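Below is one structure; the comments refer to it alone.
Nothing here was measured: the structure is a model prediction, and the numbers come from that model. Hydrogens, waters and symmetry mates play no part in the numbers below; they use all other heavy atoms, side chains included.
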Amino acid sequence: MAEGTWIDAVARLRATRRPGVLVTLASVRGHAPRAAGAKLVVAADATWGTIGGGNLEAVAIERARELLADPAAGPELVSSALSDKAPYQHGVQCCGGEVTVFLEPLPVVPAVAIFGVGHVGLELARILARQDVDLHLIDTRPEQLAPERLAVLADAVANVHVHRSAVLPEIVLGELPPGTHVLIMTHDHAEDYALCDAVLREGEYASIGLIGSGAKWSRFQRRLATDGGHTAAAIARIRTPIGLGEITGKEPATIAVSVAAQLLLAVERWPTRSPA
């Protein structure tokens, strides 16, 4: 395969939100099927590239898939001798050299959806854009998602997805990947309620947050129970107020920092390596 294949494979896994492991031939002493730097990408059901084939590659693939099955696994180095005297599982490789392989897990990056890109929403997007996440921005007001307004995200590390929904923002819920962290902070309490109702009815979400006062949440809880028919346990999935309680400032940027900090704590606790 062409050397660029592994780069394309990593990009493909990222785009389809599938986990993988990048396997690199880190060092070579003596003779080996490939030079140091050769790469192989391993997914649960496919591989791209090669580090030389044979027992060396087969063992690396097996170990990579063991790492895929363990959300807590980290990068590791594995050394092997290419000799007929060395232990082997998939045939003898007697090139005579010694190699070290570096296995680097490529987890599925977290996904975050911000419903409502007003003052707080935009400040929050600016913070989260510096993180390695899939960031979804949704608003029913076209001007809030105007390219010139979102120009502050031009250098984003995050992969930013802009959803323009003129009437029903809850439709976008069906476009979000499983395990998305949902933040509801629109300009309209009716939109907020519709989103709360919809998010409890369908989909798998890592966390659900709602901005607003205690009075607003009391009204929503009553309606979600009586009109929506949701159980108390289901309603309790919605976290409100959002943000760290120790940060009490009300400036949009301050609220955004508080919400981002709480969200990043939730992201760290949510496993992201299992297949989506």
Spatial distance of atom [atom1] ([X]) from atom [atom2] ([Y]) [nearest 0.5 Å]:
X	Y	atom1	atom2	value
L210	C196	CG	SG	4.5 Å
R164	D139	CZ	CG	10.5 Å
T186	E191	OG1	CD	4.5 Å
I127	L263	CD1	CG	10.5 Å
R34	K39	CZ	NZ	11.0 Å
I211	I242	CD1	CD1	5.0 Å

### Message
Between the side chains of R130 and D155, is the shortest nitrogen-to-carboxylate-oxygen separation below 4.0 Å, so that they form an ion pair?
### Response
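Yes, this pair counts.
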
### Task
Give a yes or no on whether a salt bridge exists between R18 and D45, defined as a side-chain N under 4.0 angstrom from a carboxylate O.
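Judged by the 4.0 Å cut-off on N to carboxylate O distance, R18 and D45 do form a salt bridge.
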
Using the rule that Ile, Leu, Val, Met, Phe, Trp and Tyr join whenever any side-chain heavy atoms are under 4.5 Å apart, tell me whether [X] and [Y] fall into a single cluster.
X	Y	answer
V157	L264	no
I255	L128	yes
L67	L77	no

### Message
Working note: Q144 + R149, criterion side-chain contact (heavy atoms from CB on, under 4.5 Å); need CA distance, chi angles, decisive distance, verdict.
### Response
CA-CA 7 Å; Q144 301 302 101; R149 188 166 185 266; 3.4 Å; yes

Determine whether [X] and [Y] make a side-chain contact, defined as any pair of heavy atoms from C-beta on separated by less than 4.5 Å.
X	Y	result
Y205	I238	no
H230	R201	yes
V99	V28	yes
W48	D8	no
D188	T140	no
V101	L25	yes
Q262	R239	yes
V21	R65	no

### Query
Picking from K216, R219, R223, what satisfies salt bridge (Lys or Arg N to Asp or Glu O under 4.0 Å) with D192?
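The option that passes is K216.
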
Considering all heavy atoms, the nearest [X]-[Y] contact:
X	Y	result
L137	A125	CD2-CB, 3.9 Å
V23	A64	CG2-CB, 4.4 Å
V41	W6	CG2-O, 3.6 Å
V160	A156	CG2-CB, 4.0 Å

### Query
Using 30° and 60° as the class limits, which term best fits the ring planes of F220 and Y193: parallel, tilted or perpendicular?
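Plane angle over 60°, so perpendicular.
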
### Task
Test side-chain hydrogen bond (donor to acceptor under 3.5 Å, both in side chains) on T50 and E57 and set out the steps.
CA-CA 7 Å; T50 178; E57 185 164 301; 2.5 Å; yes

### Task
Apply side-chain contact (heavy atoms from CB on, under 4.5 Å) to the pair I61 and L40, showing each step before the final yes or no.
CA-CA 9 Å; I61 290 172; L40 164 72; 3.8 Å; yes

### Query
Without hydrogens or angle criteria, can the side chains of T100 and S79 be said to hold a donor-acceptor pair below 3.5 Å?
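The answer is yes; a qualifying pair exists.
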
